[in-house]
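Please read the structure below before turning to the comments.
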Amino acid sequence: MKTLDGRSLKDILISGANNLYNHYQEVDALNVFPVPDGDTGMNMNLTVTSGCKEIQDKEEGNVFEIAKSFARGTLFGARGNSGVITSQIFRGFSKGLEGLSTCNAQQFSDALEKGVEVAYKAVLKPVEGTILTVVREGSHYLHDNVKSANSIEKALELFLKEARESLKRTPELLPVLKEVGVVDSGGTGLIYIFQGMLDAVNGKPVARNEEGAQTGENAPVAAGASMESEEFGYCTEFIMRLGGDESKKPFNEKRFTSILGSHGNSLVVVNDGDIVKVHVHTLQPGGVLTYAQQFGEFIKLKIENMTEQHNNLESGAKESNSILDEKVEEKKEEPRKEYAMIAVSSGRGIDEIFHEAGVDYLVTGGQTMNPSAEDFVKAIKEANADTVYIFPNNSNILMAASQAADMLSEEGQTTFVIPTKTILQGISAAIMFNPDAKPKENFKEMKSALSNVKSGEVTFSIRDTTINGMAVKKDDFMGIFEKDIVVTNKDKFETCKQLIEKMIDDMSSVITVIYGEDVTKEEALTIKKYCEENHSDIDVDIREGGQPVYSFLLGVE
């Protein structure tokens with residue numbers, strides 16, 4: 001193939017997304033940290049799938065229009081740092097194709113170089129040994145060796161040749177990868193995308209794997225197929241904890257996935273130990289939930305009517321979420337507020353704490369599922385305020401929040417993203433808000449509050465590993481202090497106590513303990529008693545958070 005037109009670019013992008021979808025669990029398995037989080041493979045899969053939805057029904061023969069639409073979808077659907085970087089790569093790629101109806105190998109290379117440039121600019125402090133390194137070195141090698149007479153196949157082969165070598169070198173650039181014995185997960189995901197693109201150019205487009213062993217959320221269909229059947233019914237998502245009592249049936253992931261697959265499509269089933277995350281498009285969400293509840297109890301549920309969304313779009317509605325559309329319209333009828341605060345939260349108790357701190361709107365998410373840039377865009381619009389402050393409360397959510405703020409800045413919306421990386425930092429920053437201060441003054445004060453809080457968390461390990469010299473066993477509890485595992489123990493309460501000892505010093509005056517859904521109030525009070533008996537000069541504040549996965553969130557000031 002000497003040139004790409006819009007149709008062929010569309011097909012290879014969908015094939016690339018399908019290939020990542022078929023392998024995203026392998027990408028997840030490369031994650032260094034053994035915590036039950038959103039994971040790189042899943043985040044990248046959701047990001048490129050969002051791009052596929054934008055181009056699925058487009059018939060233009062223009063490469064720029066296809067690339068632009070795909071990039072727009074990835075920008076809105078971006079989740080996690082890896083997803084945001086992926087979206088920026090394709091955003092730059094689309095800019096590099098501006099004005100072109102077709103592109104040859106040289107133009108493809110130039111566009112990819114633009115993608116590298118845009119992606120690096122989007123990251124405040126680029127880290128080498130990551131997806132950025134892989135795309136940069138692969139792209140530069142392609143640029144140095146491609147000729148305008150080369151085929152598109154040759155261009156992709158050149159890129160992949162060096163990208164794979166670059167991936168092999170990532171452990172030399174990031175010591176933690178070498179210690180754990182893996183290559184970079186984001187770079188791996190990128191290679192799966194481009195390999196799927198090459199397969200399509202070679203006449204072997206990748207279709208998604210329907211066997212159920214490797215399922216992905218909102219998975220794109222094979223190139224050229226229709227997604228019409230996936231546009232209707234109910235988008236059903238839930239997080240469920242397996243077991244609970246003797247009435248619950250033993251969980252078999254393969255059979256569970258097979259049964260759910262027969263009730264709908266766009267299925268994802270992610271099993272993290274005793275936590276199962278599910279997404280499915282179905283005409284009967286009640287039947288899906290009834291079946292699933294045989295194996296455990298729900299932690300979170302979300303059901304959206306996609307038929308209603310489709311009808312709203314047909315009638316000219318701007319947003320795709322019909323429930324949110326109504327809320328946005330209602331807000332538009334109200335006087336626009338001077339300011340609003342938005343925080344990412346992951347439990348009813350934490351929701352209450354943020355509301356007490358003056359936060360107006362909450363975005364559900366955290367480690368178990370990173371919110372997308374579109375989630376933040378919708379929240380900002382719903383806030384209907386001149387100035388909006390966002391507390392991401394997770395380092396892997398920060399970039400998506402910032403991307404949403406950047407997208408809306410073009411519409412004149414002023415949004416400040418406070419770089420909170422933990423729930424405790426978010427609470428501390430929100431409390432600093434002064435309604436009488438100027439927007440930038442508030443932003444400065446909120447940021448300064450972050451240095452006053454030391455954050456810790458207790459959760460369980462999903463696998464055996466050794467990281468930073470600390471040996472961790474599967475299902476053991478870990479005490480994490482500022483993103484470093486400093487304690488491991490089979491007992492969550494002992495882990496919490498040991499973590500507290502690691503966090504406090506002679507300057508500490510307050511310990512805040514937010515306990516999760518797996519801890520009772522009585523059990524949490526044993527932690528308070530421990531602190532009072534061993535550190536009588538430090539005030540202890542115990543709060544119910546109700547968060548999943550994390551037994552304790554700790555803050556020391």
Taking [X] for the side chain and [Y] for the main chain, is one N or O donor matched with an acceptor at less than 3.5 Å?
X	Y	result
S536	E532	no
N393	V344	yes
N19	I193	no
S166	G138	no
D184	I131	yes
N18	V206	yes
K300	F238	no
S372	D375	yes
E237	V278	no
T49	L46	no

Item to check | side-chain contact (heavy atoms from CB on, under 4.5 Å) evaluation trace for L301 with L289 | outcome: CA-CA 9 Å; L301 283 169; L289 298 179; 3.6 Å; yes

How long is the span from the [atom1] atom in [X] to the [atom2] atom in [Y], to the nearest 0.5 Å?
X	Y	atom1	atom2	answer
L156	Q195	CG	CD	9.0 Å
I485	D476	CD1	CG	11.0 Å
F416	K447	CZ	NZ	10.5 Å
T130	R136	OG1	CZ	9.0 Å
I353	S345	CD1	OG	8.0 Å
Y530	T526	OH	OG1	11.5 Å

Minimum side-chain heavy-atom gap [X]-[Y] below 4.5 Å:
X	Y	answer
V27	Y192	yes
C235	H279	yes
V487	K502	yes
I418	F391	yes
M478	V472	yes
I89	V116	no
M240	I299	no
Q293	K248	yes

Checklist entry - Can V48 and M44 be said to form a side-chain contact (heavy atoms from CB on, under 4.5 Å), step by step? => result CA-CA 6 Å; V48 294; M44 292 182 69; 5.8 Å; no

Is it true that [Y] and [X] share a donor-acceptor pair across their side chains at a distance under 3.5 Å?
X	Y	answer
R348	Q547	no
E137	H140	no
H535	E501	yes
D518	S551	yes
E179	T466	no
N31	T40	yes
D541	T512	no

Checklist entry - Where do L362 and F354 land on the side-chain contact (heavy atoms from CB on, under 4.5 Å) test, with the steps shown first? => result CA-CA 8 Å; L362 299 172; F354 274 121; 3.9 Å; yes

Checklist entry - Taking only residues two or more places apart in sequence or in another chain, which ones pass salt bridge (charged side-chain N to carboxylate O under 4.0 Å, His left out) with E494? => result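 If we apply the salt bridge (charged side-chain N to carboxylate O under 4.0 Å, His left out) test to E494, skipping adjacent residues, the hits are K497.
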
Checklist entry - Of all residues at least two apart in sequence or in a different chain, which pass the salt bridge (charged side-chain N to carboxylate O under 4.0 Å, His left out) check with R543? => result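 For R543 the salt bridge (charged side-chain N to carboxylate O under 4.0 Å, His left out) partners, ignoring immediate neighbours, are E356.
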
Might you point out which heavy atoms bring [X] and [Y] nearest each other, and give the distance in Å?
X	Y	answer
K473	S461	O-CB, 3.5 Å
R208	Y21	CB-CE2, 2.7 Å
L554	C496	CD2-SG, 4.0 Å
N396	N81	OD1-N, 2.9 Å
L20	N45	CD2-N, 3.7 Å
L424	S455	CB-OG, 4.0 Å

Next on the checklist: Run the side-chain contact (heavy atoms from CB on, under 4.5 Å) test on L173 and T133 for me, step by step, so that the C-alpha distance in whole Å, both residues' side-chain angles and the decisive distance to 0.1 Å come before the verdict.
Outcome noted: CA-CA 10 Å; L173 297 173; T133 306; 3.9 Å; yes

Checklist entry - Can K454 and D505 be said to form a salt bridge (Lys or Arg N to Asp or Glu O under 4.0 Å), step by step? => result CA-CA 11 Å; K454 293 187 288 186; D505 55 31; 3.0 Å; yes

Next on the checklist: Tell me if the centroids of the rings in Y515 and F552 come within less than 6.0 Å of each other.
Outcome noted: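 Not under 6.0 Å, so no.
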
Checklist entry - Are the aromatic ring centres of F159 and F194 under 6.0 angstrom apart? => result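 Yes: the rings meet the under 6.0 Å criterion.
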
Item to check | Candidate pair E457 and T422, rule side-chain hydrogen bond (donor to acceptor under 3.5 Å, both in side chains), full reasoning | outcome: CA-CA 9 Å; E457 50 204 20; T422 68; over 6 Å; no

Checklist entry - Relative to the ring of F295, is the ring of F251 parallel (under 30°), tilted (30 to 60°) or perpendicular (over 60°)? => result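 F251 vs F295 ring planes: perpendicular.
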
Would you mind checking if [Y] and [X] are paired as a salt bridge, meaning a charged N to carboxylate O distance below 4.0 Å?
X	Y	value
K121	E117	yes
R241	E517	yes
K178	E172	yes

Next on the checklist: For a side-chain hydrogen bond (donor to acceptor under 3.5 Å, both in side chains) check, start with the C-alpha distance between T420 and Q425, then their side-chain angles and the critical distance, and finish with the verdict.
Outcome noted: CA-CA 6 Å; T420 54; Q425 282 188 344; 5.6 Å; no

Next on the checklist: The criterion is side-chain hydrogen bond (donor to acceptor under 3.5 Å, both in side chains); which residues satisfy it with E557, sequence neighbours excluded?
Outcome noted: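 side-chain hydrogen bond (donor to acceptor under 3.5 Å, both in side chains) list for E557, sorted by chain: empty.
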
